[in-house]
Amino acid sequence: QLQASGGGLVQAGGSLRLSCVGSGRTFARYGMGWFRQAPGKEREFVAGISWSGGNTYYADSVKGRFTISRDSAKNALYLQMNSLKLEDTANYYCAARRGQGATDPGAYDYWGQGTLVTVSS
């Protein structure tokens, strides 16, 4: 019900924009978030947004470089990633939960498949 896309190979310092589109239900009243998981590591929170879009929050590691946004009319979520670093390499997942956003992946009800972001030197 969530389809993530936009991943790819990019050089360090470059930019990518991830998209996540919902189908089968409207996620307009859901908090949404982006998570990532690098090989051998646990899934970690990246960015979250409230159902209204009025509140956004970020992991310290991406603050100032990444921007989360949503377009409820399109049932879509985005993650603009700038100034990418080697350590940003991971599979990125979008997720949705009833109510407000959260940083705990266990709090989310719906998950998209991952989209791979690879940052090269």
Side-chain angles (χ1 to χ4, degrees):
Q1 290 180 321
L2 291 171
Q3 181 77 31
S5 62
L9 176 64
V10 63
Q11 285 191 324
S15 298
L16 279 177
R17 188 192 194 213
L18 304 184
S19 298
C20 174
V21 179
S23 61
R25 70 172 61 236
T26 176
F27 291 98
R29 291 287 182 174
Y30 285 66
M32 300 191 75
W34 286 98
F35 292 79
R36 67 187 180 188
Q37 187 167 18
K41 295 187 177 181
E42 293 185 352
R43 190 167 297 189
E44 65 173 1
F45 169 78
V46 175
I49 189 166
S50 63
W51 67 266
S52 68
N55 292 311
T56 58
Y57 40 100
Y58 300 90
D60 288 343
S61 59
V62 307
K63 202 170 294 182
R65 300 187 296 122
F66 291 10
T67 303
I68 188 173
S69 61
R70 67 188 301 166
D71 184 338
S72 294
K74 296 181 178 179
N75 217 21
L77 176 74
Y78 306 102
L79 185 68
Q80 177 67 43
M81 305 186 296
N82 298 328
S83 302
L84 283 160
K85 303 177 180 180
L86 296 178
E87 53 264 41
D88 294 320
T89 295
N91 266 306
Y92 283 72
Y93 300 86
C94 57
R97 69 181 302 269
R98 296 174 182 86
Q100 296 301 322
T103 60
D104 177 8
Y108 284 78
D109 304 303
Y110 301 95
W111 289 87
Q113 90 296 353
T115 185
L116 180 63
V117 173
T118 304
V119 183
S120 66
S121 59

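This chain uses plain numbering: 1 for the first residue, then up along the sequence.
Val46 places a side-chain heavy atom less than 4.5 Å from the side chain of Leu79. Side-chain contact between Gln80 and Phe66 is absent, with no heavy atoms from C-beta onward closer than 4.5 Å. No side-chain heavy atom of Trp111 sits under 4.5 Å from any side-chain heavy atom of Leu2. At least one side-chain heavy atom of Asn91 sits under 4.5 Å from a side-chain heavy atom of Tyr93.
Judged by distance alone, the side chain of Tyr92 and the main-chain N or O of Gly6 form no donor-acceptor pair under 3.5 Å. The backbone N or O of Gly53 lies less than 3.5 Å from no partner atom in the side chain of Arg70, so there is not a single donor-acceptor pair. Between the side chain of Tyr57 and the backbone N or O of Ser50 there is no donor-acceptor pair closer than 3.5 Å. Proximity of a side-chain donor or acceptor of Asp109 to a complementary backbone N or O of Arg98 within less than 3.5 Å is detected.
More than 12 heavy atoms of other shown residues, nucleotides or ligands fall within 6.0 angstrom of atom CD in Glu87. Few gaps surround NZ on Lys63; more than 12 heavy atoms of other groups in view lie less than 6.0 Å from it.
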- Task: Start with the C-alpha gap between Leu16 and Leu84, add the side-chain angles, then the distance that decides, and say whether side-chain contact (heavy atoms from CB on, under 4.5 Å) holds.
- Result: CA-CA 8 Å; Leu16 279 177; Leu84 283 160; 4.2 Å; yes

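If you take CE on Met32 and OG1 on Thr56, they are separated by 14.5 Å, rounding to the nearest 0.5 Å. A distance of 4.5 Å separates CG in Leu77 from CD1 in Ile68, rounded to the nearest 0.5 Å. Between atom CD of residue Gln3 and atom OG of residue Ser23 there is a gap of 7.5 Å, rounded to the nearest 0.5 Å. In this structure, CG on Asp104 lies 8.5 Å from CZ on Arg97, to the nearest 0.5 angstrom.
Evaluation of the ring pair (Phe, Tyr, Trp, His ring centres under 6.0 Å) test over residues 6-28, restricted to residues two or more places apart or in two chains, returns Phe27-Tyr30, Phe27-Tyr110. Applying the side-chain hydrogen bond (donor to acceptor under 3.5 Å, both in side chains) test to residues at least two apart or on different chains, the pairs with a partner in residues 4-20 are Ser15-Asn82. Applying the salt bridge (charged side-chain N to carboxylate O under 4.0 Å, His left out) definition to pairs two or more places apart or across chains, those involving residues 26-36 are Arg36-Glu44, Arg36-Asp88.
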For residues 113-121, tabulate all N or O donor-acceptor pairs below 3.5 Å that involve a side-chain atom, not counting sequence neighbours.
unit_1, atom_1, unit_2, atom_2, d
Gln113, OE1, Ala4, N, 3.3
Gln113, NE2, Ala4, O, 2.7
Thr115, OG1, Gly7, N, 3.0

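Using a 30° and 60° split on the angle between ring planes, Tyr108 and Phe35 fall in the perpendicular class, above 60°.
No continuous path of ILVMFWY side-chain contacts below 4.5 Å connects Phe45 to Ile49, so the two sit in separate hydrophobic clusters.
Side-chain contacts under 4.5 Å among hydrophobic residues (ILVMFWY), followed directly or transitively, place Val21 with no other residue at all. Side-chain heavy-atom separations under 4.5 angstrom define the hydrophobic clusters, and Tyr78 shares its cluster with no other residue.
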